[in-house]
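Written below as structure tokens is the structure these notes are about.
All values derive from a computational prediction rather than experimental measurement. Each chain gets a letter, A, B and so on, in the order the sequences are listed, and its residues count up from 1.
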There are 2 protein chains.
Amino acid sequence: MDLSSFASLVSFVSTHNEFFVAFVHCRIRYSGRAEAELDWGDRMIVLKQDNALLIHQPVNGNPINYIKPGAHISVFREEGCVIIEGAHPQTNDVVLCEVSSVYDAMSRRLEDGRKQLLAGTEADMSDYIRDNPQVISSDFTPLSREEHTKYGFIDVFGHDKQGTLVIVECKRYAASLACVTQLRRYVEKMKELRGTDNVTGVLASPKITPNAQAMLSDWGFSWARVEPPKRLLINRHQKTLADW
Amino acid sequence: MDLSSFASLVSFVSTHNEFFVAFVHCRIRYSGRAEAELDWGDRMIVLKQDNALLIHQPVNGNPINYIKPGAHISVFREEGCVIIEGAHPQTNDVVLCEVSSVYDAMSRRLEDGRKQLLAGTEADMSDYIRDNPQVISSDFTPLSREEHTKYGFIDVFGHDKQGTLVIVECKRYAASLACVTQLRRYVEKMKELRGTDNVTGVLASPKITPNAQAMLSDWGFSWARVEPPKRLLINRHQKTLADW
DNA sequence: TACTACATCTCGCAT
DNA sequence: ATGCGAGGTGTAGTA
């Protein structure tokens with residue numbers, strides 16, 4: 001595709017909200033929260049229907065450059081190149097992509113109103129703990145879950161049979177030092193605002209790192225092994241698709 | 001493009017490491033660290049040269065489904081559809097994408113060995129503070145920076161004229177409660193290992209939230225306003241590109 | 001709008 | 001391989 005046609009197409013899709021993709025040779029500059037530059041190479045440029053701009057190198061999962069949805073797209077036809085500028089009015093990020101060759105490009109209006117259903121999140125874990133409090137301890141009684149309080153956002157809150165308040169923090173992955181300090185912050189805030197020391201914390205996660213376990217013990221908190229529940233089950237060992 | 005050609009093309013590019021993009025109508029299932037399903041709709045499927053699989057809806061910056069680089073790609077030609085399976089051997093993630101229509105597709109080998117140069121990171125901030133210690137305080141003397149010690153990863157470490165040890169934690173954005181607890185953890189570990197209470201902390205960032213400032217004060221720590229330095233300057237207000 | 005915390009976070013580095 | 005922390009993190013939820 002010649003550069004002038006490319007320039008026209010980019011202008012068209014950005015104003016008509018079509019999905020656009022191209023393989024190009026380009027170099028890139030970025031300025032905003034940081035400053036970056038990327039020398040000449042082959043990349044994929046994507047312009048989405050909400051004017052998100054993504055530039056991908058041939059490898060790696062993440063875009064090497066991007067502007068979030070809501071970009072203002074400008075196209076400049078220069079001598080021997082086309083410059084695409086994506087500028088985000090809110091974040092003050094600007095990407096300049098100087099394109100010298102266009103290998104291939106395509107655009108189309110895509111229709112998709114679906115949202116993904118997801119299971120196995122931290123919220124699913126706190127649901128599970130509320131319904132199965134014995135996974136925390138035999139005498140744990142939950143009172144609330146997922147509550148935004150002045151103590152912070154507490155995943156599960158309850159008490160034990162001795163009347164000690166118990167704050168449960170859920171993590172869907174191996175709990176680290178940062179998770180322990182988060183829990184500690186909630187417990188301390190609760191102690192301060194209730195004017196009592198009779199508050200403890202439980203970290204619920206599938207795993208915990210040794211340092212995190214040590215810090216947890218130092219603070220008199222405990223760990224409960226809990227797996228994030230996954231309700232939408234696909235048999236992971238079944239490589240064929242007979243039952244779909 | 002008909003489904004059989006599509007199936008052949010996907011098989012080809014995944015074994016020959018070409019960059020592949022298609023606009024399709026599909027539904028998706030994911031199983032791995034979580035479970036997800038996404039009903040029929042129009043999407044862009046991307047297969048990169050390192051066998052990263054990305055599926056984008058028409059809007060939003062991030063892929064709605066993905067497998068990280070290194071996926072094993074399988075293609076199944078079924079009655080009325082093609083199923084693309086991306087399975088990652090290390091992470092045990094599996095994405096199944098059932099494609100019923102292919103609107104457009106393109107593939108090509110892209111060549112790009114360039115790496116992006118980036119300025120304005122947290123490491124740049126700690127460099128700047130070491131070279132300009134007065135931004136922390138008039139009597140701060142830096143001793144080391146970016147040190148992986150047994151106390152943790154300390155951005156800048158030094159002392160003041162009274163001999164108090166000072167741990168500086170840099171953040172390139174508005175410092176939050178989590179940043180304060182991170183600093184607090186380093187200070188406490190340092191106190192413990194040095195056997196002294198004569199240790200304090202400084203949070204260096206362009207902004208700080210009110211709650212974080214309050215917690216910082218509670219712990220006797222202080223805040224220094226520091227901007228992340230950006231060396232690769234583009235004039236943000238200059239919308240044309242004369243000087244590039 | 002600002003603040004908080006999750007995320008299939010991803011990624012790199014060091015142990 | 002695991003632990004730890006940064007990221008142009010992005011995104012959702014709430015005040």
message = Tell me whether B/Arg130 is salt-bridged to B/Asp127, with the criterion being a basic N under 4.0 Å from an acidic carboxylate O.
response = yes
query = Just to confirm, is there a sub-4.0 Å distance from OP1 or OP2 of C/dC6 to any side-chain nitrogen or oxygen of A/Thr121?
reply = no
key: OP1 or OP2 of C/dC9 under 4.0 Å from side-chain N/O of B/Asn62   = no
note = Whichever of B/Ala212 and B/Ile67 has the more 5' nearest nucleotide on DNA chain C, that residue is B/Ala212
task = Could you check whether B/Asn65 gets within reach of a base, just the sugar-phosphate, or nothing at all, counting any heavy atom under 4.0 Å?
result = base
message = Within the 4.5 Å heavy-atom criterion, are B/Leu165 and B/Val187 side-chain neighbours or not?
response = no
request  = Quickly work out the A/Glu147 CD to D/dT14 P distance and round it to whole Å.
outcome  = 12 Å
key: Sugar-phosphate, base or nothing in reach of B/Ile208, heavy atoms under 4.0 Å   = nothing
task = For D/dG7 and D/dT11, measure between their C1' atoms and round to the nearest Å.
result = 14 Å
request  = Calculate the interatomic distance between A/Arg145 atom CZ and C/dC6 atom P; express it in whole Å.
outcome  = 13 Å
message = One thing to verify: whether B/Arg194 and B/Glu192 come together as a salt bridge, which I'm taking to mean a side-chain N less than 4.0 angstrom from a carboxylate O.
response = no
request  = By nearest nucleotide on DNA chain C, pick out whichever of A/Asn60 and B/His148 is the more 5' one.
outcome  = A/Asn60
message = Rounded to whole Å, please give me the gap between NZ in A/Lys115 and P in D/dT11.
response = 12 Å
key: Distance between P atoms of C/dT8 and C/dT4 (Å, rounded)   = 22 Å
message = Between P on D/dA6 and CG on B/Asp124, what's the gap in Å once rounded to a whole number?
response = 14 Å
Nearest-angstrom distance from the residue atom NE2 of A/His56 to P of D/dG8 = 15 Å
key: B/Tyr66 side-chain N/O to C/dT10 phosphate OP1/OP2 under 4.0 Å   = yes
request  = Verify the distance criterion only: is there a donor paired with an acceptor across the side chains of B/Asn65 and A/Gln116 at less than 3.5 Å?
outcome  = yes
task = Decide whether B/Arg145 and B/Ser126 meet the rule of one side-chain donor and one side-chain acceptor closer than 3.5 Å.
result = yes
ask   = When the distance from CD of A/Glu122 to P of C/dA5 is rounded to whole Å, what number comes out?
value = 11 Å
query = B/Arg172 versus B/Cys170: any side-chain heavy-atom pair under 4.5 Å?
reply = no
task = Give me the residues of residues 168-192 of chain A where at least one heavy atom lies under 4.0 Å from an atom of DNA chain C, by number, or none.
result = A/Glu169, A/Lys171, A/Arg172, A/Gln182, A/Arg185, A/Tyr186
inquiry  = Any side-chain N or O of A/Arg33 below 4.0 angstrom from OP1/OP2 of D/dT9?
reply    = yes
request  = For B/Tyr30 and C/dT8, say yes or no: do the ring centres fall under 5.5 Å of each other while the ring planes differ by less than 30°?
outcome  = yes
request  = Could you name each residue pair satisfying ring pair (Phe, Tyr, Trp, His ring centres under 6.0 Å) that touches residues 41-61 of chain A, not counting sequence neighbours?
outcome  = none
ask   = Of the candidate nucleotides D/dG8, D/dG7, D/dG3, which contains the atom at the shortest distance from the side chain of A/Asn211?
value = D/dG3
inquiry  = Measuring only between side-chain heavy atoms, which start at C-beta, is B/Leu177 closer than 4.5 Å to B/Met215?
reply    = yes
query = Where each residue is assigned the nucleotide of DNA chain D containing its nearest heavy atom, which of A/Thr209 and A/Val95 is assigned the position nearer the 5′ end?
reply = A/Thr209
query = Hey, can you pull the residues of residues 38-55 of chain B with a non-hydrogen atom under 4.0 angstrom from DNA chain D?
reply = none
Sidechain-backbone polar pair: A/Asn92 side chain, A/Gly32 backbone, donor-acceptor under 3.5 Å = no
task = Nearest whole angstrom, please: distance from the C1' of C/dT10 to the NE2 of B/His88.
result = 12 Å
query = How about A/Val135 and A/Tyr128: do any of their side-chain heavy atoms sit closer than 4.5 Å?
reply = yes
task = Figure out the CE/P separation between B/Met125 and D/dG8, and round it to whole Å.
result = 14 Å
key: Side chains of A/Gln182 and A/Lys171, donor plus acceptor under 3.5 Å   = yes
